[in-house]
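Read the structure below first, then the notes.
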Amino acid sequence: MMMRIVVVGAGAVGGFVGARLVLAGNEVTLVGRPWLVEAVRARGLRLIEPRRECLVRQGLVAVSSAAEAAALGPFDLALLTVKTYDTATAIRQMQEAGLGRPPVLCLLLLQNGVGSEELLSQAFGAGRVVVASLTQPVCVPEAGVVRLVKERGGLALAPVARGAEIGRVAAVLREAGLRVRLYRDYRGVKWSKLPLNMLGNTIPAILDMPPGEVYAHPGLLRLEIAAMRELMAVTRALGVRLVDLPGYPVRLLMWALCRLPAPLLAPLLHRLVGEGRKGRVPSLQWGLVQGRRRSEVTDLNGAVMRYGERVGVPTPTNRLLTETLEAIYAGECAWDEWRHRPGRLIEAWRRAVARA
């Protein structure tokens, strides 16, 4: 079952899956940023897990471009793990380099957000695209090191073309020690991961507050619940059926968010988000701390907003959260205008709902 695999956009997720694949006997080429390439070439890739720690070197190569990777081919499998906002650029670079054409068996899209699967399908054919969603939290504490925060969870796989055979890919991933679960509908996988990415992420980023403080604030808790209920309304209008992902009963969670009163939801969300993050700063908030100019909110809350427009479902809460955080990231408004000011965000939300 050994494969030659290329990982385009090797950050935390790409590095983790790539390291696991190498340890299972596969040959892996990581395409990443210069700091990753330098670290891997000098020291290898260190994988830290709750039960083990190891250094991955043999069978692992790191390069800084798709063109360099293509020169090392051919490959059996390509993983695309870039940030959602870099997807179009990564696809163009792969096409220019000839990376992704046969004999590549399939292209595995492993990222958050909704919509990238359509771009990848247009570029390489829907029959060769497989959607994947990792529900195990991973991070990069330093260059050349990837850490699995906790073992709970696994990898959800679904072909974009219904009925496409993905058994060989699933087998290779299982051989790498990943808990793989197969699904029929890729849309169910993508939309079911969305609430897990949105909860305790966007509002803490805007206000620069820990998720626990957000859920302890009655007004902010209601705002978070409203965003989730808009997401559920959009999925219903789209005809998407949510599914339980490895380690996470998503259907029960969304049922609770849509049916239970806010006071009962506060401890549930606090436990879910707190256990999942293990004290780490949420990704959208961390991006602001690092001074980044773009974020994945456009493909998280922003996806709810865009698809809501398509199906005629109002999403004023997700529109407000998306546009506010996008403006902060772009420097169109100062973060200090929103930091630790829950009252301002709640008032803006009330106005947005009234307009809708």
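In what follows, residues are counted from 1 in the order of the sequence shown.
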* Relative to Phe75, does Arg4 satisfy both conditions: NZ or CZ under 6.0 angstrom from the six-membered ring centre, and within 45 degrees of the ring's axis? -> yes
* Find out if a path of hydrophobic residues (ILVMFWY) with successive side-chain heavy-atom gaps under 4.5 Å connects Met254 to Val311. => yes
* Asked: Between Thr317 and Trp349, does any side-chain donor sit less than 3.5 Å from a side-chain acceptor?
  -> yes
* Asked: So do Leu178 and Glu175 actually touch side chain to side chain, heavy atoms under 4.5 Å?
  -> no
* Transitive ILVMFWY side-chain link Val61 to Val37, under 4.5 Å -> no
* Asked: Among side-chain atoms of Thr322 and Asn301, is any donor-acceptor pair under 3.5 angstrom?
  -> no
* Asked: Does atom CH2 of Trp335 have more than 12 heavy-atom neighbours from other groups under 6.0 Å away?
  -> yes
* Asked: Within a reach of under 6.0 Å around CZ of Arg184, are more than 12 heavy atoms found that belong to other residues, nucleotides or ligands?
  -> no
* Asked: Quick one: does Asp208's side chain get under 4.5 Å of Gln285's, heavy atoms only?
  -> yes
* Is a salt bridge present between Lys83 and Asp86, judged by a nitrogen-to-oxygen distance below 4.0 Å? -> no
* Asked: With no hydrogens and no angle check, is any side-chain donor or acceptor of Thr135 less than 3.5 Å from a backbone partner on Pro246?
  -> yes
* Within-4.5 Å side-chain heavy-atom neighbours: Leu325 and Leu288 -> yes
* Neighbour count above 12 (heavy atom, 6.0 Å) for Arg241 CZ -> no
* Is the Lys NZ or Arg CZ of Arg152 less than 6.0 Å from the centre of Tyr248's six-membered ring, within 45° of the axis? -> yes
* Asked: Under a single-linkage definition using a 4.5 Å side-chain heavy-atom cutoff for Ile, Leu, Val, Met, Phe, Trp and Tyr, are Leu252 and Leu257 assigned to the same hydrophobic cluster?
  -> yes
* Test: Asp244 and Arg251 ion pair at under 4.0 Å -> yes
* To do: For residues Val17 and Val7, determine if any side-chain heavy atom of one lies less than 4.5 Å from a side-chain heavy atom of the other.
  => no
* Would you sort out whether Leu107 and Val130 count as a side chain to side chain contact (heavy atoms under 4.5 Å, CB included), showing the intermediate values? => CA-CA 6 Å; Leu107 297 101; Val130 177; over 6 Å; no
* Quick check: are there more than 12 heavy atoms from other residues, nucleotides or ligands sitting under 6.0 Å from CD of Gln290? -> yes
* From CA spacing to verdict: side chain to side chain contact (heavy atoms under 4.5 Å, CB included), Asn201, Ser283 -> CA-CA 7 Å; Asn201 201 357; Ser283 62; 3.2 Å; yes
* To do: Decide whether a cation-pi geometry holds between Arg33 and Trp35; the criteria are a distance under 6.0 Å from NZ or CZ to the six-membered ring centre and an angle within 45° of the ring axis.
  => no
* Output yes when Arg306 and Asp299 qualify as a salt bridge under the 4.0 Å nitrogen-oxygen rule, no when they do not. => yes
* Does Glu151 pair with Arg51 as a salt bridge, N-O distance under 4.0 Å? -> yes
* Looking only at heavy atoms, what is the nearest atom pair of Pro204 and Pro282, with distance? -> CB-CG, 4.3 Å
* Residues in side chain to side chain contact (heavy atoms under 4.5 Å, CB included) with Ala123, at least two apart? -> Ile91, Gln95
* Under 4.0 Å between a Lys/Arg side-chain N and an Asp/Glu carboxylate O for Glu326 and Arg294? -> no
* Option among Leu105, Leu30, Val28 that satisfies the side-chain contact (heavy atoms from CB on, under 4.5 Å) test with Ile5 -> Val28
* **No-hydrogen, no-angle side-chain donor-acceptor test under 3.5 Å, Glu224 and Tyr215** => yes
* Distance-only side-chain donor-acceptor flag, Ser65 / Glu68, under 3.5 Å -> yes
* Using the rule that two of Ile, Leu, Val, Met, Phe, Trp, Tyr join whenever any of their side-chain heavy atoms come within less than 4.5 Å, decide whether Met3 and Leu79 are in one cluster. => yes
* Asked: Can a donor-acceptor pair be found between the side chains of Gln111 and Ser116 at a distance below 3.5 Å?
  -> yes
* Asked: Charged N to carboxylate O below 4.0 Å: is that the case for Glu347 and Arg344?
  -> no
* To do: Report yes or no: does Thr235 contribute a side-chain atom to a donor-acceptor pair with the main-chain N or O of Met232 at less than 3.5 Å?
  => yes
